[in-house]
Each structure stands twice: as C-alpha cells, then as structure tokens.
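All chains are named by letter (A, B, ...) in the order of the sequence lines, taking the proteins before the strands, and each is independently numbered beginning at 1. These numbers come from the heavy atoms of this one structure, side chains and all, not from hydrogens, waters or symmetry mates.
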Number of protein chains: 2
Amino acid sequence: MRITSLVECSTRIMVRLASLQPGATLSAEKLSDLENVSRDYVDQILQRLRKGGLVASTRGAQGGYSLAKASSAISIGELVRAVEGQVFEEVCERYSSGEHECRHMSNCGIRPVWLRLGEMIEGFLDKVTLDQLTVPEPRAFAATMAFIKDFEKEGRIQHDKRR
Amino acid sequence: MRITSLVECSTRIMVRLASLQPGATLSAEKLSDLENVSRDYVDQILQRLRKGGLVASTRGAQGGYSLAKASSAISIGELVRAVEGQVFEEVCERYSSGEHECRHMSNCGIRPVWLRLGEMIEGFLDKVTLDQLTVPEPRAFAATMAFIKDFEKEGRIQHDKRR
DNA sequence: TCATACTTGATCGAATTAGTCAGGTATGCT
DNA sequence: AGCATACCTGACTAATTCGATCAAGTATGA
C-alpha cells in the first residue's frame, strides 16, 4: 500500500496554490518549474483538479490557476478522489464482477476488516485539509490529532527538518 | 490504494488454518481446493507465511500446515508483512533514492501526513488478529468497531474479551 | 491577430502484480 | 529400502497499472 506519484505531485501543486495571496494565480508553466514536474504532467493534473472542482483557472495571457475554494475547505481525500477517482478500492468490488461471485461468503469475517480499513483511511484523509499543510508551525494536524488522538501519546507532529 | 489479491488470498488461507482443531493440519492441496486458488500459488503463499513464522508445516505423507501460534497472536499486519514485505511504503523513501534528493524540503507540511497515514494503517492491521476473522460477521464487525472505539478513546486494545 | 495559456485524449515504456512452471528435497508408510 | 505424498525454491511470464509523454487542438487578453 502506498501513495502514488500522482497523488504526491498533485498534493505539492495544491500546496503551492494554497500558499498564494488571495487573487493571485500561478501558471501551469510556473508550477512545472517550481515543483520540477514536466509541463505536460502538470497540465494533466491541473485538468483533473479542475474537473473535481478544486482549482479555478483564468485563461489567456497572464492567466493561471488558483484554488477554487478556501484551503481549509479542501481535504486530501477530495484531492485523491479528484486525481485518482477513489481513495481505497474495496476488495469485494475488485475480485467479484459479472459472472464471478464474491469469494466472501455470508458469515465472512474478512470483509468487515477491509471495509473498516477503507473507512479509516478515507476518514483520515478527509479530515486533513490543505491549510494544515501550508503552515510551518506544529499547530497543523489539530483536526487529525483529534481524529486519532491517543494513538501515540508522546506528543505532536514534528515537521520535517531533514537536510 | 487497495488490498492486493495476494493479501486477500493469504488472509483466506490463514483464516482456514485458524479454523482447524488443535493438532489438525491442512495440506496445500486441500487449501487450494477449499479456496479455489491454484496449487502453485498456494504453495508460494504458504512458503512466505512459513518464512514469516506464521505457519508451521509437517512434512511427509499425511503432512500439512497449521498456524505456528495462537490465532489471537497473529495480526493481519504481520500477515501482510510476511507476504508483501511491508504494509505501507513511505513516499519519501520511494521518490528519493541515491542521487535524488527528497522533494520534501525542510519545514515540509506534506510528509507528516503520509507518515501518520502509514502509522495508522499499520496500527490498525497490527491490532486485528486472526481469531477476530474466524467468527461470524456480526461478531467480527463488533470486534473491529471495538478497535476503532478503543483507538479513538484510549489508544489501546482489549484483547481478552469474553465470549 | 498573435502569443500565451489552457484543454483533450491517445499513446507508450517501465514497473508491478498475479500467477505459472520446472525441478527440486524431505518425510512417513509399507 | 522404495516410493508416493507433500513440501520447498526460484526463475519466468502475461496482464495490468503506473507514470508520464505527445500531438493537436481551443480560448483569452494585450
């Protein structure tokens, strides 16, 4: 299980947009340079984000992209759904289609685990909003910590300080 | 993000073994028939489970496989690590190797989210044990619900629930 | 009207997944 | 001992998904 390159790139692009002053925009070209992602790929990502209603675009010369709503109103879960279609694919959906019957029979003890796992992952990502990723202070993740409080008792999140 | 076929098959095989009477074994052939998974694939899975210390094997005619320890002592997290090597791959590990530098710079707000997500997924799967999957659905569901409840409220799990 | 910037969809190599295949080795039963 | 049963090992491969790239547009503002 992992975060794909697509989600990672999309997140970085969204964080860039979230750091803009109100009214400002960033062109796809600029985003490509800033994040070191090819122009074509940036275009594709922005397109999906726009269709998902997460970014707004201004066309023409001096045009560009900006967030479609407040960064506090955009969750990573939404972002993932916008670029990948879904956050977590259910096992039973995947392995039983058409002529095949779901291998999880009645009285199945396995299915609830995958369901619950999916709900948990989605619940987590839906509660992490973009504004939490743009601030350098440890105040980020307050909502996240509330969601999974006591999971780790030693304290708050340390932001990355490497290199 | 999804559960792979490998993990799904492995889980079903382990649940079969968990439902055996103490001392009993199931041959790879039998498991293959019961779960409708090819004999070769079952062999491969059982081999990985054995190397991970989750199943024990008895060789020779009338031999077979059984759990290496109590089903209450085997978690799905362990199972996943045994068959796939890891539960959740870190983004920074994947996208920054050798000559490439991690794109998550200092004061990165993104990395902690992926780290936390990974910890959560692993924490969840490490606490779901095989014995919780061998019972009819309502009880298994109750067990996973209990996990979430404990997870949110106390950060720890009750393993010795009365029947 | 033209440069800039966004839009769309097809394509494609690389990596991963999902399983197969071939050829062993160990054990228990007769 | 002989041999059938069953486990063990690792290489191999087809299918799918990932991670982009590419080509050919359309819309807008100066």
Side-chain angles (χ1 to χ4, degrees), chain A residues 1-13 17 24-33 35-52 54-66 68 80 82-86 89 91 94-95 97 100 103, chain B residues 1-13 17 24-33 35-66 68 80 82-86 88-89 91 94-95 97 100 103:
Chain A
M1 222 177 271
R2 66 184 170 88
I3 294 297
T4 62
S5 166
L6 181 61
V7 168
E8 162 73 6
C9 290
S10 304
T11 304
R12 290 196 284 116
I13 285 170
L17 293 178
T25 63
L26 264 179
S27 70
E29 185 64 36
K30 207 90 178 164
L31 283 166
S32 168
D33 292 345
E35 295 299 342
N36 198 30
V37 175
S38 85
R39 174 58 201 279
D40 286 329
Y41 203 26
V42 166
D43 275 0
Q44 187 183 139
I45 288 170
L46 286 169
Q47 190 49 29
R48 293 184 189 191
L49 291 170
R50 195 190 59 82
K51 281 179 179 165
L54 301 189
V55 305
S57 59
T58 327
R59 307 182 77 143
Q62 308 311 318
Y65 290 93
S66 59
V80 175
V83 298
E84 291 198 329
Q86 64 186 345
E89 185 182 5
V91 174
R94 181 181 182 85
Y95 302 117
S97 61
H100 297 104
R103 286 162 165 171
Chain B
M1 220 176 272
R2 65 183 172 87
I3 293 297
T4 62
S5 165
L6 180 61
V7 168
E8 162 73 5
C9 289
S10 303
T11 304
R12 288 195 286 115
I13 286 171
L17 293 178
T25 64
L26 265 179
S27 68
E29 185 65 35
K30 208 90 179 165
L31 283 166
S32 168
D33 291 345
E35 295 299 342
N36 198 31
V37 174
S38 83
R39 173 58 201 278
D40 285 328
Y41 204 26
V42 167
D43 273 0
Q44 185 183 138
I45 289 170
L46 286 169
Q47 192 48 30
R48 294 182 190 192
L49 291 170
R50 196 190 57 81
K51 281 179 180 165
L54 301 189
V55 304
S57 60
T58 326
R59 310 183 76 144
Q62 309 310 315
Y65 290 93
S66 59
V80 175
V83 297
E84 291 197 330
Q86 64 186 345
F88 185 84
E89 186 183 3
V91 175
R94 181 181 182 86
Y95 301 118
S97 61
H100 298 103
R103 287 161 165 172

Checklist outcome for this item: Residues at least two apart in sequence or cross-chain that pass side-chain hydrogen bond (donor to acceptor under 3.5 Å, both in side chains) with Glu29(B), listed by chain then number, are Arg39(B)

Next on the checklist: Need the bend value for the helix from dT1(C)-dA30(D) to dT30(C)-dA1(D): angle between end axes, 5 pairs each end, nearest 10°.
Outcome noted: 10°

Next on the checklist: Please report the interatomic distance CG(Leu31(A)) to CD1(Ile13(A)), rounded to the nearest 0.5 Å.
Outcome noted: 6.0 Å

Checklist entry - Reckon Ser38(B) has a side-chain N or O less than 4.0 Å from the OP1 or OP2 of dT20(C)? => result yes

Item to check | Closest to side chain of Arg39(B), choosing from dG19(D), dA18(C), dA6(D) | outcome: dA6(D)

Next on the checklist: Between P on dA3(C) and CD on Glu29(A), what's the gap in Å once rounded to a whole number?
Outcome noted: 17 Å

Item to check | Rounded distance (nearest 0.5 Å) linking atom CZ of Arg12(B) with atom CD1 of Ile45(B) | outcome: 8.5 Å

Checklist entry - Out of dC6(C), dC7(D), dA18(C), which nucleotide sits closest to the side chain of Ser5(B)? => result dA18(C)

Next on the checklist: Categorize Arg48(A) for me: base, sugar-phosphate, or nothing, with a 4.0 angstrom heavy-atom threshold over every strand shown.
Outcome noted: nothing

Checklist entry - Mind checking what makes side-chain contact (heavy atoms from CB on, under 4.5 Å) contact with Thr11(A), not counting sequence neighbours? => result Val7(A), Val15(A), Ile76(A), Leu79(A), Leu133(A), Ile110(B), Trp114(B)

Item to check | For Gln62(A), all residues meeting side-chain hydrogen bond (donor to acceptor under 3.5 Å, both in side chains), sequence neighbours excluded | outcome: none

Checklist entry - Start at the 5' end of DNA chain C and walk down; is the nucleotide closest to Gln47(A) or to Glu84(B) reached first? => result Gln47(A)

Item to check | Pairs satisfying salt bridge (Lys or Arg N to Asp or Glu O under 4.0 Å), at least one member in residues 47-59 of chain B, at least two apart | outcome: none

Item to check | Side chain of Ala28(A) - closest among dC8(D), dC6(C), dA20(D) | outcome: dC6(C)

Checklist entry - CG of Leu31(B) versus P of dC8(D): gap in Å, rounded? => result 13 Å

Checklist outcome for this item: From CG of Asp33(A) across to C1' of dT4(C) the rounded distance in Å is 15 Å

Checklist entry - What heavy-atom pair brings Met1(B) and Phe88(B) nearest, and what distance separates the two atoms? => result CE-CE1, 4.1 Å

Next on the checklist: Of the options dC7(D), dT9(D), dC18(D), whose atoms approach the side-chain atoms of Arg50(B) most closely?
Outcome noted: dT9(D)

Checklist entry - Taking all non-hydrogen atoms of both residues, which atom of Leu46(B) and which atom of Val55(B) are closest, and how far apart? => result O-CG2, 3.9 Å

Item to check | Closest listed nucleotide, where the reference is the side chain of Asp43(A) and the choices are dG19(D), dA18(C), dT7(C) | outcome: dT7(C)

Next on the checklist: Under 4.0 Å, heavy atom to any atom of DNA chain D: which of residues 58-65 of chain A qualify?
Outcome noted: Arg59(A), Gly60(A), Ala61(A)

Checklist entry - For Gly64(B), does its backbone N or O pair with a side-chain atom of Ser57(B) as donor and acceptor, under 3.5 Å? => result no

Which pairs, protein N/O on one side and nucleotides 9-13 of chain C N/O on the other, fall under 3.5 Å?
none

Next on the checklist: According to side-chain contact (heavy atoms from CB on, under 4.5 Å), who are the partners of Ser38(B), at least two apart in sequence or on a separate chain?
Outcome noted: Asp40(B), Tyr41(B)

